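Shown next, in structure tokens, is the structure this report addresses.
All values reported here derive from a predicted model rather than from experimental measurement.
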Amino acid sequence: MPNAVTASSPPCNWLCRPQHRLTHGGGERDHAQGVLAGLGRPLTGRTGPVRCVASSPDGQLVASAGDDATVRFCSPAAGRPPGEPLTGHDGPVTGVGFAPKGGLLSTTGTDRTVRLWPTPAV
């Protein structure tokens, strides 16, 4: 079970760098789609809109977060998910970010929590 921190105000997208955030229009979305297109394969399996995408510092993992309350990983080299989706948020996941040295992922959601997760082995 991940660690959770309850926020006192609505969550924000501070965990996502603007160049990795998917929005409902404008250049940010176009840039993010270009980043994903560069991987050669689409990230699939979602049942709702994607809110945020981030890549690990070493480029070995891509994490996506969305309205289906999950975080999903993809290994660009393997072209498949390394493990099952992360679940624990009680609503859309609005932000995702890797620790600078890897090994840890932080997420935030509309459930007003910040969660810390170990990253899967590739």
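Residues P118 and L104 come closest through the heavy atom pair N-CD1, 4.4 Å. Of all non-hydrogen atoms in V93 and A69, the two that sit nearest each other are CG2-C, 3.8 Å. Across all their heavy atoms, P82 and P120 have their closest contact at O-CB, 3.3 Å.
Note that the CH2 atom of W117 and the OG atom of S106 stand 11.5 Å from one another [nearest 0.5 Å].
With L105 as the partner, the side chain to side chain contact (heavy atoms under 4.5 Å, CB included) test is satisfied by one option alone out of L86, L116, L61: L86. Screening T94, T70, V71 for a side chain to side chain contact (heavy atoms under 4.5 Å, CB included) with T107, the sole residue that qualifies is V71.
Counting only residues at least two apart or in different chains, salt bridge (Lys or Arg N to Asp or Glu O under 4.0 Å) contacts with residues 81-101 are absent.
For P92, the side-chain contact (heavy atoms from CB on, under 4.5 Å) partners at least two apart in sequence or on another chain are R51, D67, T110. By the side-chain hydrogen bond (donor to acceptor under 3.5 Å, both in side chains) test, S56 pairs with D58, sequence neighbours left out. In this structure, the side-chain contact (heavy atoms from CB on, under 4.5 Å) partners of P57, at least two apart in sequence or on a different chain, are F98.
Side chains of V53 and V62 form a contact here, defined as non-hydrogen atoms less than 4.5 Å apart.
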